[in-house]
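Report on the structure given below.
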Amino acid sequence: QLQLVESGGGLVQPGGFLRLSCAASGFTVSNYDMSWYRQAPGKERELVAVINREDLTTDGTTNYTDSVKGRFTISRDNAKNTVYLQMNSLKPEDTAVYYCNAANFFTTRVYWGKGTLVTVSS
């Protein structure tokens, strides 16, 4: 059974940092396009960062929404079958529930974790 479990959220002061983890089971993360989304109170869910599958067409490239470029880094540890989101220089507007997403390019199926809450406040 395919499963995504996020962890690492919490309360942090502005300017601080957190590292989110997304532990996957039931599939291999390197074969999927892995993403982090977030949803702030009263707002729609938005894409934060993506790390593409490792194949000849994408080779694990990464992309970020403009608001987090230079502050967030998405990465993947194939040995641990886990995807990370390193978040630095956090701002109050980064406060949201962060969700891990796995997308299979060939079958178009999409899977979600249950989310982890990040609160940036002094």
Side-chain angles (χ1 to χ4, degrees):
Q1 182 178 359
L2 191 147
Q3 190 174 16
L4 299 169
V5 179
E6 302 98 332
S7 62
L11 173 64
V12 63
Q13 292 187 343
F17 62 91
L18 285 173
R19 188 178 79 157
L20 305 184
S21 299
C22 172
S25 59
F27 72 105
T28 302
V29 294
S30 61
N31 293 337
Y32 281 66
D33 297 323
M34 301 297 299
S35 303
W36 286 95
Y37 284 74
R38 66 185 178 187
Q39 187 166 19
K43 295 188 177 182
E44 294 186 354
R45 191 173 297 189
E46 66 168 346
L47 176 64
V48 175
V50 59
I51 183 165
N52 292 122
R53 66 198 180 280
E54 294 178 1
D55 65 20
L56 294 178
T57 59
T58 66
D59 198 24
T61 54
T62 59
N63 285 286
Y64 302 87
T65 191
D66 286 345
S67 62
V68 307
K69 283 181 180 177
R71 300 189 297 123
F72 290 11
T73 302
I74 188 170
S75 62
R76 176 171 48 215
D77 186 329
N78 292 338
K80 295 183 178 180
N81 213 35
T82 298
V83 175
Y84 303 98
L85 185 68
Q86 178 68 42
M87 306 187 296
N88 299 328
S89 302
L90 282 161
K91 305 175 181 180
E93 50 264 43
D94 295 318
T95 295
V97 177
Y98 284 71
Y99 297 91
C100 184
N101 170 286
N104 187 307
F105 176 81
F106 300 101
T107 67
T108 71
R109 295 197 67 175
V110 177
Y111 306 92
W112 292 92
K114 294 183 178 181
T116 185
L117 176 63
V118 172
T119 303
V120 184
S121 175
S122 56

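In this chain, numbering begins with 1 at the start of the sequence shown.
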| Hey, what do you get for CD (Gln39) to OH (Tyr99), rounding to the nearest 0.5 Å? | 5.5 Å
| task | Please report the closest heavy-atom contact between Pro14 and Ser122, naming both atoms and the distance. | result | CD-N, 3.7 Å
| said: With rounding to the nearest 0.5 angstrom, report the CG to CZ distance, Asp33 to Arg53. | reply: 4.5 Å
| query | Can you name the closest pair of heavy atoms from Leu4 and Tyr111 and give their distance? | reply | CD1-O, 3.6 Å
| request: Work out which heavy atom in Arg76 is nearest to a heavy atom in Met34; give both atom names and the distance. | output: NH1-CG, 4.5 Å
| task | Please step through side-chain contact (heavy atoms from CB on, under 4.5 Å) for the pair Asn52 and Asn63, ending with a clear verdict. | result | CA-CA 9 Å; Asn52 292 122; Asn63 285 286; 4.2 Å; yes
| message | Using a strict threshold of under 4.0 Å (side-chain N to carboxylate O), is an ion pair present between Glu46 and Arg38? | response | yes
| request: Measure centre to centre between the rings of Tyr64 and Phe72, then say whether the value is under 6.0 Å. | output: no
| Does Val97 belong to the same Ile/Leu/Val/Met/Phe/Trp/Tyr cluster as Tyr37, with side-chain heavy atoms less than 4.5 Å apart forming each link? | yes
| field | Pairwise disulfide bond (SG atoms under 2.5 Å apart) hits with a residue in residues 72-122, at least two apart | value | Cys22-Cys100
| message | Given 3.5 Å as the limit, does a donor-acceptor pair link the side chain of Asn81 with the main chain of Phe27, or not? | response | yes
| task | Please say whether the positively charged group of Arg19, taken as NZ for Lys or CZ for Arg, lies over the ring of Tyr84, i.e. under 6.0 angstrom from the six-membered ring centre and within 45 degrees of the axis. | result | yes
| query | Taking atom CD of Glu93 as the centre, does the number of heavy atoms from other residues, nucleotides or ligands within less than 6.0 Å exceed 12? | reply | yes
| note | So CD1 of Ile74 and CD of Gln86: to nearest 0.5 Å the spacing works out to 12.0 Å
| field | Nearest atoms (heavy-atom pairs only) where Leu90 meets Leu18 | value | CD1-N, 3.9 Å
| Is Val68 reachable from Leu20 through a run of hydrophobic residues whose side-chain heavy atoms are each under 4.5 Å from the next? | yes
| field | Connected via hydrophobic side-chain network under 4.5 Å: Ile51 and Leu2 | value | yes
| message | Working to the nearest 0.5 angstrom, can you tell me the gap between Leu85 CG and Glu6 CD? | response | 11.0 Å
| query | Run the side-chain contact (heavy atoms from CB on, under 4.5 Å) check on Thr82 and Val29 step by step: do they pass? | reply | CA-CA 7 Å; Thr82 298; Val29 294; over 6 Å; no
| query | So does Lys91 pair up with Asp94, basic N to acidic O under 4.0 Å? | reply | no
| When rounded to the nearest 0.5 angstrom, what distance separates CH2 in Trp36 from CE in Met87? | 8.0 Å
| query | Quick one: CG on Leu11 to CD on Gln13, what's the gap to the nearest 0.5 Å? | reply | 8.0 Å
| task | Compare every heavy atom of Val110 with every heavy atom of Ala103, then report the nearest pair and how far apart it is. | result | CB-CG2, 4.3 Å
| If every non-hydrogen atom of Leu47 is compared with every non-hydrogen atom of Thr65, which pair is closest and at what distance? | O-CB, 3.5 Å
